[in-house]
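Data first, discussion second: the structure below is written as structure tokens.
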Amino acid sequence: MLNQYFEFYNPVKILSGKNALEHIPHELLTIGCSKPLILTNQMLKDIGVLKILLDAFSGSEIEATAVFTDVPQDSSVETVNKAVQYYRETACDSVIAIGGGSVIDTAKGLGIVISQGGEDLRNYMGAETLKRGKKAPFIAIPTTAGTGSEVTLVAVIKDHERNLKMEFVSYHLLPDAAVLDPRLTVSLPPRITASTGMDALTHAIEAYTCIQANPLSSAYAISAMALIRENLIPCVKDGKNESCRMALANASLIAGAAFSNSMVGLVHAMGHALGGVCGVPHGDAMGILLPYCMEYNSRAEKELYSELLLHIKGEEAYTATPKESRNEAAIVAVRSMLHACNSLCGLPVKLSDTGVKTGDLGRVADAAQNDGALLMNPVEAGKDDIIWILKQAY
Amino acid sequence: MICGYAGKVIKIDLAERNVSEYPLSDEDRKNYIGGKGLAAKIIFDLIKGIIEPFSKDNVIVVSTGPLNGVGAPSSARFNVSGISPLTGLLASSNCGGNFGLNLKRAGYDAVILTGRAQEKTHLEITEEGVAFRDASGIWGETTSKTQEILGGKRGMLVIGPAGENLVRYAGIWSGERTAGRAGLGAVLGYMNVKAITAAGNKKAEVYDRDKLKIHCAKWVKKLQNHPMTGKQLPDRGTASLVLPMQKNRQLATKNYRYGRFEQYENICGEMLKDKYLIRNSGCLTCPIRCSRVVPYQGKEIKGPELETIGLLGSNLLNGDMDKIIHMNYVLDELGLDTMTTGGVLGFAMELAENGLLDFPLSFGNLEGIDKLLEDIAYRRGIGDLLAEGTRIMARKLGGSAYAIQVKGMELAAYEPRGAVGQGLGYAVANRGGCHLNAGYPIILEGLGLRMNRYTKLSKAKFAIFTQNLMDAVSSAGICLFTTYAVFPGIVYKRNPVAWLTARILKFAGPVVGFLNRHSNLIRINVPLLPHSKAYELATGLKTGFGGFIKAGERIYNLERLINLRLGMNGEMDDDLPQRLKDEEQVPGDRRTKVPIKKLKSAYYKARGWNERGVPGDKRLKKLGL
């Protein structure tokens, strides 16, 4: 059903495909920049991913000397503030983030402080609280295919002092360009491929089912699901397959654009809580929780979840499945993808596999209840419902 | 110390091999009687939130009741409780074997097992204490072989290969009787406990032994004169119910697609009696003697009970009694619950029909069943999937609409679309899809009395009454079959009185509801239920029938509180599979599906629970919880 009103916004220029990185110098010059701050982490430097980017600048007019490699696995306020300082000290005029979700979120955090002219990210938490300011041009280059952060208006950054995952939501956080190059993801280990792939699938499914879904976001979500359906398992099996890699990178980006407009729901609310309380990696939490949350939601939204079968499993399976079983078949399809990943690379299928203690589940439920994503879920879920899901998934 | 009890509860830390006395107060004994009630109280105090059943957080409580070993009829029952690997919720499994009496003779009301033994262990409990014996020599043995090796005149509690291999519906055997449901055998297996034995010569003090003796003699007579406990059950065993179930469309057939089975005459109690029965047998102290002894490959073995017959027979379209006896024997040996196994097989067959599982058997075709049952017990090949139970199978493969389980436990052989009160009971039962924890309302719906099977009227109130009653009786250590005699014999027969009673009962909801809420007003003991008087005479406590049944209500509510702590959710868990609530058993007859939403709402209200199945403070306060 068409919403009475909806908005859709995605101004990010996409540079996707073989040798896409080589186009970056031109892009920067087009927007009038010549000295980008390159944000990344030490691991990407060590395995040579950073070098691929730097090589792309050789012979160009771009001065790619300011490189900040101290981004930890979980982006943090402290890191953002340090990067801001570095940006100002080195007199950069733009930002390039090359890395996973934490690097891109750090860049977004940096963008916030720069545009607002402040010193400390902690002052700007919230949804659409930012003034336009003078935004630093920003190019995002994801090296994992999952978060979709390169096209989303969200950043999640941890404040270790307060043990709080701060959430920032603003259209000003959207990068100017996103670059997908198969060379960047080809060396990802199967375990990460699977985890980030399930993250992308969750984005697509939640984007399709959340209350703010609209025809445009759904079109994006459907397209992402189709790409994941065809490519996730082959890619976990054979990471060197460049066409699968590109398909997943695109799926992740497309799903990101979808959920950035329709928002995410219960799976993310619970996933954020599991990450915050128990440190469960985001993609792992998504994979584990997704089928159980689908089970919960589809009780009240059977038709909506039945439609998912077409996108997750394809036309043939959809038509071969009786109408009344389609919602369940969609859940089974997700679960079998998860189990296939489990046998291929050990992706966890139960919360107990992740080291979460049963004693933490109450706190996880409390945290999930306070997560904004819950408001967008198609079905209301109280604390006892969240506990029920956690228990089933344990 | 209150009379009737052994007076001591011990807690065994298996990992540390440490035995300590558990501080159970007389107040607890008074409030929770014994058996499953005491176990619930202990578990409530020990387990404070969600736990993983296969972890060191789980406990097993084996408990006896005040009427065990004091001369009451049908009083050999003991209880095993813990958190079920099948449901993730509280499980209590009742057993009629020889262990309970011996445990009490050894001087214990209950034994609590915690932690996980480092070695395969046999626990030997005597008056002197607990000895940890090496069980590596008996690990892997079948249930009967294990008991044969252990030998001696002592009570035994053992698991089979299924328990060792953590099959989620592995049971616990004591002699030939079974604490079969809910997979507590697998919890023992996880704990590395292969067997527990108990022996002793202690006798519990009885408050008024002479009066109790006279009372029990009258009670025995009453049971013997009752058409159900004195005739039907001794004569044809529990399988005697096949015929009325067939007539009433209550016999689970073809994975609960139907309520009638064409070949019912081949699997009924009459057939079992005429063609197979060698003699009756029964638990110690029981005048009913409902158990059957049948021939099998030159041996005399335990015959199949009704639930086994239904779930391995009609439910699988298997009209071959020889095959049922054989499967019953094999499952007993492997240590698997026959009921859940039947449910799992039926579900697998239907999954295969719908192309969702590649499964070697089909309805009516059990070729190769022996290997499959072994594969389940040893978790080999497809057996590994089946060992998880219906709920997990449905999650992996689909088919939840016809996955006949509640809270993860497969239903008993009663097709509830032929008895909607039983359907309500299944849905709300704390244990999951258990006919007994449901309150067994079907006894009113055609299996004893003849209340309208399809009406919603009064069913919730009666279910509450029987649930409370059965929890109290079970906790006291008495067999639930004795509660059949709660209604006078005349109303079990075909006559105008029975006809009229059935019609009156249909409208008796408000009265029963009032009694449920104000049970404490009944300060006297009632002749139809001799349990409470026996309880008074054994313990010296003055409860009257009202206090006794109120304890049952307290226990039922405590069990619910434990389940809520364990993450149970009334909205999601107190429910029936789609087939039973949405599809008509007889196409075109709208009465033949369970109107669970309305029944549940009436039930919650009558229980004093909120719309999510959570007991209200007012009711809990009244119950002293």
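Throughout, protein chains are lettered first and strands after them, A, B, ... in sequence-line order, and every chain is numbered starting at 1. Heavy atoms only: backbone and side chains are in, while hydrogens, waters and symmetry mates are out.
In this structure, chain B has no heavy atom under 4.5 Å from any part of E324(A). The contact between R395(B) and chain A is made by backbone and side chain atoms together, counting heavy-atom distances below 4.5 Å. With a 4.5 angstrom heavy-atom cutoff, D582(B) does not touch chain A via any of its atoms. Using a 4.5 Å cut-off between heavy atoms, L356(B) makes no contact with chain A at all. Neither the backbone nor the side chain of N354(B) comes within contact range of chain A, judged by heavy atoms closer than 4.5 Å. Only the side chain of L361(A) comes within contact range of chain B, judged by heavy atoms closer than 4.5 Å.
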Item to check | Residues K600(B), E611(B); criterion salt bridge (Lys or Arg N to Asp or Glu O under 4.0 Å); working and verdict | outcome: CA-CA 9 Å; K600(B) 191 166 103 171; E611(B) 71 286 353; over 6 Å; no
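Across A394(B), G567(B), G355(B), A401(B), the residue that shares the most heavy-atom pairs under 4.5 angstrom with chain A is G567(B). Contact count against chain A (heavy-atom pairs under 4.5 Å) is highest for G88(B) among G570(B), G88(B), G49(B), G408(B). Counting heavy-atom pairs closer than 4.5 Å to chain B, the top-ranked of the candidates T358(A), I387(A), I331(A) is T358(A).
Screening Y426(B), Y604(B), Y603(B) for a side-chain hydrogen bond (donor to acceptor under 3.5 Å, both in side chains) involving D574(B) leaves a single residue, Y604(B).
Taking the ring centroids of Y402(B) and Y256(B), they lie at or beyond the 6.0 Å cut-off.
For the pair H268(A) (side chain) and V264(A) (backbone), a donor-acceptor distance under 3.5 Å is absent. The backbone N or O of H339(A) sits nowhere less than 3.5 Å from a side-chain atom of K396(B) that would complete a donor-acceptor pair. At least one donor-acceptor pair under 3.5 Å links the side chain of E328(A) to the backbone N or O of S400(B).
The closest side-chain donor-acceptor pair between S262(A) and Q212(A), if any, does not fall under 3.5 angstrom.
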